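See below for the structure under consideration.
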Amino acid sequence: MIHVKIENMNLLSKIFLVPDELLTNKEGLLFIDKLYQKSINFIIMSQTQNYTYWQKMIPFLKEKQFYNSTKAALSYILRKNTKAKVNYFGTNKIREEIYNYGMTIDISRPDYLLIGRKSFIAEEDVTNVIYNVQMGAKLISLDSRKIQDKDGYLVYGASSLAYMFAYMCDCKIYPFGLDTKSFQKELLSFMHIEPQNVCRICTNLESETSITREFGMTSVFFTKHREINFLNINKEQYADYIVDSLAGIFK
C-alpha cells in the first residue's frame with residue numbers, strides 16, 4: 001500500500017533521513033544498501049549508537065552520513081558557550097562523542113549534564129545527578145523514548161528517566177531525541193541543505209511527521225507492517241507518503 005498525497009514529486013532526488021531503529025533487520029539494511037547502490041544521499045539518525053557501531057555494520061557508511069542526538073546536543077552547547085564543561089549519565093558512547101568534540105568532562109561542576117540510559121542505576125548515580133544540577137548544570141535528554149524494548153520486555157525509556165531527574169531536581173529539561181525540534185534544527189545545520197530537499201522516514205505520526213511538516217521537509221511514514229487507524233489523525237500529523245514496506249519507496 002502506498003498513499004501519495006503530493007503528486008509529481010521526485011522523491012529519490014532528495015536526501016533521506018533514516019532512523020537507525022529501522023536498520024535492526026534485513027529489510028532496513030537492504031533499504032540502506034539500495035540507497036547506496038542508487039547513489040541516493042542519506043543520513044542515518046540515532047539516539048543510542050555512535051558512528052563506529054554502524055560503520056562496522058554498514059562498511060560503506062561514511063562519517064558524514066551519520067548523526068546522533070549526542071552530536072546535536074553538543075553542537076547546541078558549543079554554540080551557546082565554546083568553553084562549556086559537560087558531564088554525562090549513560091554509556092561510554094556518550095563519553096566518546098564528548099571527547100570527539102574536544103569538550104571537557106567535569107564531574108563536579110558541569111554546565112550541562114547529558115542524560116542517556118543505563119541498565120543498572122546505583123543510588124550514587126542519582127546522587128551525582130542531583131548534585132550536578134544543584135551546582136548549576138542544565139539537563140539535556142538524548143533519547144525520546146518513554147519505554148524501550150529490551151530482550152522482548154518493555155522497560156523504562158531514557159526519556160522517562162531524564163524527566164524523572166528533572167522532576168526530582170525541580171528543573172527544566174532540554175530534549176534532543178530524534179522526534180524533537182532541537183534535534184531536527186541541529187541536523188539541518190549539520191547537513192547544510194535546504195529542508196525542501198530532505199525526505200525523512202518517520203515511524204511516529206504523533207510527533208515526527210508534524211515536526212517534518214513544520215520544518216518544510218517531505219515525510220514518508222513507514223507503518224512497519226502494522227495496521228494503522230488513519231481516521232483519528234489530524235492534518236498536522238499527516239505524512240506526505242505512507243508505505244507499508246521500505247521497498248515501496250522505490251516504486
Side-chain angles (χ1 to χ4, degrees), residues 3 5-6 11 14-24 28 31 42-49 66-73 75-76 90 114-117 139-150 154-167 172-191 193 195-196 198-246 248-249:
H3 171 84
K5 184 181 179 184
I6 298 179
L11 197 63
K14 298 178 181 293
I15 180 170
F16 277 76
L17 304 184
V18 185
D20 67 347
E21 68 173 280
L22 300 183
L23 308 182
T24 57
F31 173 67
F42 66 88
I43 289 181
I44 294 174
M45 308 179 295
S46 179
Q47 54 191 4
T48 59
Q49 300 294 347
F66 178 85
Y67 199 74
N68 62 18
S69 55
T70 305
K71 287 185 177 183
S75 176
Y76 166 82
L114 308 182
I115 304 295
R117 188 183 186 281
L139 288 182
I140 288 185
S141 173
L142 300 176
D143 195 320
S144 299
R145 292 172 295 176
K146 295 179 181 179
I147 58 174
Q148 297 176 215
D149 184 290
K150 184 174 177 61
L154 290 179
V155 297
Y156 66 88
S159 175
S160 297
L161 184 62
Y163 278 93
M164 180 191 75
F165 286 141
Y167 177 78
K172 179 180 178 180
I173 198 162
Y174 297 81
F176 274 84
L178 295 193
D179 65 355
T180 65
K181 296 179 183 179
S182 302
F183 173 84
Q184 192 61 72
K185 181 178 179 180
E186 296 299 329
L187 176 52
L188 286 173
S189 177
F190 168 78
M191 293 166 57
I193 191 170
Q196 61 266 28
V198 177
C199 177
R200 176 164 171 162
I201 309 296
C202 303
T203 59
N204 189 316
L205 284 172
E206 294 182 0
S207 56
E208 296 175 26
T209 53
S210 57
I211 288 176
T212 305
R213 177 185 295 275
E214 182 174 340
F215 278 88
M217 300 180 293
T218 300
S219 59
V220 173
F221 175 67
F222 173 40
T223 67
K224 296 197 289 188
H225 311 288
R226 300 167 296 176
E227 291 292 332
I228 305 294
N229 183 2
F230 293 101
L231 296 178
N232 298 325
I233 299 172
N234 61 50
K235 60 183 180 180
E236 286 74 22
Q237 298 172 337
Y238 207 76
D240 297 316
Y241 294 79
I242 299 171
V243 297
D244 60 5
S245 74
L246 291 173
I249 293 174

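A quick note: this is a predicted structure, and the numbers were derived from the prediction, not measured. FYI, the numbering just counts along the sequence from 1. No hydrogens, no waters, no symmetry mates; every other heavy atom, side chains included, goes into these values.
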Side chains of [X] and [Y]: does their closest heavy-atom pair fall under 4.5 Å?
X: Asp240; Y: Arg200; value: no
X: Phe66; Y: Ile43; value: no
X: Tyr67; Y: Met191; value: no
X: Tyr156; Y: Ile147; value: no
X: Thr218; Y: Val198; value: no
X: Ile140; Y: Ile115; value: no
X: Gln47; Y: Leu142; value: no

* Report, as yes or no, whether the 6.0 Å neighbourhood of atom NZ on Lys224 holds more than 12 heavy atoms from other residues, nucleotides or ligands. =>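 Yes, because the 6.0 Å sphere around NZ of Lys224 holds more than 12 heavy atoms from other groups.
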* Which one of Ser144, Ser159, Ser141, Ser69 satisfies the side chain to side chain contact (heavy atoms under 4.5 Å, CB included) criterion with Thr180? ->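 Result: among Ser144, Ser159, Ser141, Ser69, Ser144 is the only option passing the side chain to side chain contact (heavy atoms under 4.5 Å, CB included) with Thr180.
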* Asked: Pick from Val220, Leu17, Thr212, Val243: which one makes a side chain to side chain contact (heavy atoms under 4.5 Å, CB included) with Ile201?
  ->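 Testing Ile201 for a side chain to side chain contact (heavy atoms under 4.5 Å, CB included) against Val220, Leu17, Thr212, Val243 leaves exactly one candidate, Val220.
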* Asked: Does the pair Lys181/Glu186 count as a salt bridge with the N-to-O cut at 4.0 Å?
  ->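 No, this pair does not count.
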* So, Ser160 side chain and Lys146 main chain: donor-acceptor pair closer than 3.5 Å or not? ->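 Here the side-chain-to-backbone pair exists.
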* Asked: Is there a donor-acceptor contact under 3.5 Å from the side chain of Asp20 to the main chain of Leu23?
  ->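 No, the answer is negative, given that no donor and acceptor are paired below the 3.5 Å cut-off.
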Interatomic spacing from [atom1] in [X] to [atom2] in [Y] - rounded to 0.5 Å:
X: Phe190; Y: Lys71; atom1: CZ; atom2: NZ; value: 5.5 Å
X: Ile249; Y: Phe222; atom1: CD1; atom2: CZ; value: 8.0 Å
X: Leu205; Y: Ser210; atom1: CG; atom2: OG; value: 9.5 Å
X: Glu21; Y: Thr24; atom1: CD; atom2: OG1; value: 8.0 Å
X: Met217; Y: Ile211; atom1: CE; atom2: CD1; value: 8.5 Å
X: Ile44; Y: Gln49; atom1: CD1; atom2: CD; value: 11.0 Å

* Do Ser46 and Asn68 have side-chain N/O donor and acceptor atoms under 3.5 Å apart? ->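 Checked: Ser46/Asn68 side chains show no N/O donor-acceptor pair below 3.5 Å.
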* Mind telling me whether Tyr76 and Phe176 have parallel, tilted or perpendicular rings, with 30° and 60° as the class edges? =>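 Taking Tyr76 first and then Phe176, their aromatic rings sit tilted (interplane angle of 30° to 60°).
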